[in-house]
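Read the numbers this way: they start at 1 and go in the same order the structure lists the ligands and their atoms.
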Amino acid sequence: MSGTLDMDALIDDPDTRVIVCCGSGGVGKTTTAAAIAVRAAERGRAAVVLTIDPARRLAQALGLAELGNSPRQVEVAGFEPKGSLSAMMLDMRRTFDDMVLAHAGPKRAEEVLANPFYRTISSSFSGTQEYMAMEKLGQLAAEGSWDLIVVDTPPSRSALDFLDAPQRLSTALDGRMIKLLTGPARAGGWGLRKVVSAGFGLFAKAVSTIVGGQMLADASAFVQAFDGMFGGFRERALKTYELLRSSGTAFVVVAAPEPDALREASYFVERLAEEQMPLAGLVVNRTHPVLSGLPAAKALGAADNLEARGGAPLAAAVLRLHADRVALAQRERRLVTRFTKAHPAVALAHVPAMASDVHDLGGLREIGDRLAAE
Ligand SMILES: Nc1ncnc2c1ncn2[C@@H]1O[C@H](COP(=O)(O)OP(=O)(O)O)[C@@H](O)[C@H]1O
Ligand SMILES: [Mg+2]
């Protein structure tokens, strides 16, 4: 049966250079990534955490209130790690801009950045955020200032999007996209002109000609300026992809003890195996363990008894609550068992649901303790 995820062994191992926290939306990826980074720093590593979408209060707790697209040392009262911790929040837009700057000459970069087509596509491609997270990871790794990079992944519907993004974006950015982009523009331009010549006034005709012409000009300027950068993009994506496959990388899949999240985790685990990407284990986050061994049936029986005698309504309510918790815990255990049966080699860690959201150092430490417990 499945073993236990030894989180401390993972973060203490100097050969662990990258930890990627992935999983479907809302399961606790950002929280887990931050908790791992805090723990790693306190255990002596020079860690950096790349967060994608931290909740506002968590961002504030890490000193990320101001947007910046590069890591900053976390300086919080009461936080004196043996190692060090830097944190950053991904600014997708600026990462894309930086990438253009790095690949085009200054003059061409300026043209691309100012181009309305670029401004639209750089924020509206599906997968752009995933791709930019990858790109940033590549940059942080190349910078070499940290010995452990902990990566949060975007809130995609599917955890797989992160792995598919480089391929998808490089396909989108090559000739096919250009055809798509220029195609509708041209069609729109011609279409407009046709409509106009079919009977609108001269004024409208002049306006539409300018608009249509401008669209065409933007599109072709964009194509020209972008041309020649694709190779560089693809090369970088490939390099980051290799980093993800290297033995210094560990994927931590996060899931809630719920059918959808665990199904998604299953797919992801299988996909990692296919891609030969190193999986550290599965974190089942926000579980509801029961503290007392009193079986549900006994608790319900006792509640019935109390109520039949017309006394102690509060005690009866507590007993019923306990019975609900037992049922929930059993359901969660069943779901996790279903997962481990399908993936017996995957190591597990369980993190209970905390009484409130996790948005400060204390909360992150507690999550870290739970991650490393057992
Ligand atoms: N074990 C936990 N106990 C209580 N709250 C949690 C726990 N894990 C995460 N949360 C809270 O759940 C919310 C979503 O977590 P988050 O890490 O942002 O998820 P994701 O990044 O996967 O979308 C946050 O408000 C976070 O504080
Ligand atoms: Mg998140």
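Taking CG of L140 as the start and CH2 of W146 as the end, the distance is 5.5 Å to the nearest 0.5 Å.
Proximity of N285 to ligand 1, defined as any heavy-atom pair under 4.0 Å, is confined to the side chain (atoms from C-beta onward). With a 4.0 Å heavy-atom cut-off, ligand 1 is reached by no atom of I52. Residue contacts with ligand 1, taken as heavy atom pairs separated by less than 4.0 Å, do not involve P54 at all.
In terms of N/O distances under 3.5 Å, ligand 1 is approached by M354. Ligand 1 has no nitrogen or oxygen under 3.5 angstrom from a nitrogen or oxygen of A55. Close N/O approach between P352 and ligand 1 is found [any backbone or side-chain N/O within under 3.5 Å].
At distances below 3.5 Å, not a single donor-acceptor pair connects side-chain atoms of N285 with backbone N or O atoms of A256. Counting only distance, with no hydrogens or angles, the side chain of T249 and the backbone of R245 share no donor-acceptor pair below 3.5 Å. Without hydrogens or angle criteria, T153 side chain to C21 main chain gives a donor-acceptor distance under 3.5 Å. A donor-acceptor contact shorter than 3.5 Å is absent between the side chain of R286 and the backbone of V27. Counting only distance, with no hydrogens or angles, the side chain of E42 and the backbone of G83 share no donor-acceptor pair below 3.5 Å. Counting only distance, with no hydrogens or angles, the side chain of D152 and the backbone of I52 share a donor-acceptor pair below 3.5 Å. Remark: side-chain polar atoms of K29 are not paired, donor with acceptor, to backbone N or O of V253 under 3.5 angstrom. Listed for the T51 side chain is a donor-acceptor partner under 3.5 Å among the backbone atoms of M88. Side-chain atoms of H322 come within 3.5 Å of backbone atoms of L294 as a donor-acceptor pair (strictly under, hydrogens ignored).
Within ligand 1, the atoms closer than 4.0 Å to a non-hydrogen atom of A353 are 3 (N), numbered from 1 in the order shown. Those atoms of ligand 1 that come under 4.0 Å of a heavy atom in V351, given as number and element, are 1 (N).
At least one side-chain heavy atom of F79 sits less than 4.5 Å from a side-chain heavy atom of V38.
Legend: protein N/O/S atoms lying under 2.8 Å from the Mg ion (ligand 2), waters omitted, number 2.
Atom 23 (O) of ligand 1 has its nearest heavy-atom neighbour, among A34, G26, A256, S356, in G26.
Protein heavy atom closest to atom 25 (O) of ligand 1, with residue, atom name and distance, is D357 OD2, 3.1 Å. From the protein, the heavy atom lying nearest to atom 2 (C) of ligand 1 is R286 CG, 3.7 Å. With respect to atom 27 (O) of ligand 1, the closest heavy atom belonging to the protein is V358 N, 2.9 Å. At the shortest separation from atom 15 (O) of ligand 1 among protein heavy atoms lies T31 OG1, 3.6 Å. Closest protein heavy atom to atom 19 (O) of ligand 1: G28 N, 3.1 Å. For atom 18 (O) of ligand 1, the closest heavy atom belonging to the protein is T30 CB, 4.0 Å.
Side-chain heavy atoms closer than 4.5 Å link hydrophobic residues (I, L, V, M, F, W, Y) into clusters, and following such links, possibly through other members, connects L364 to V76.
By the 4.0 Å N-to-carboxylate-O rule, D8 lies close enough to R43 to be salt-bridged with it.
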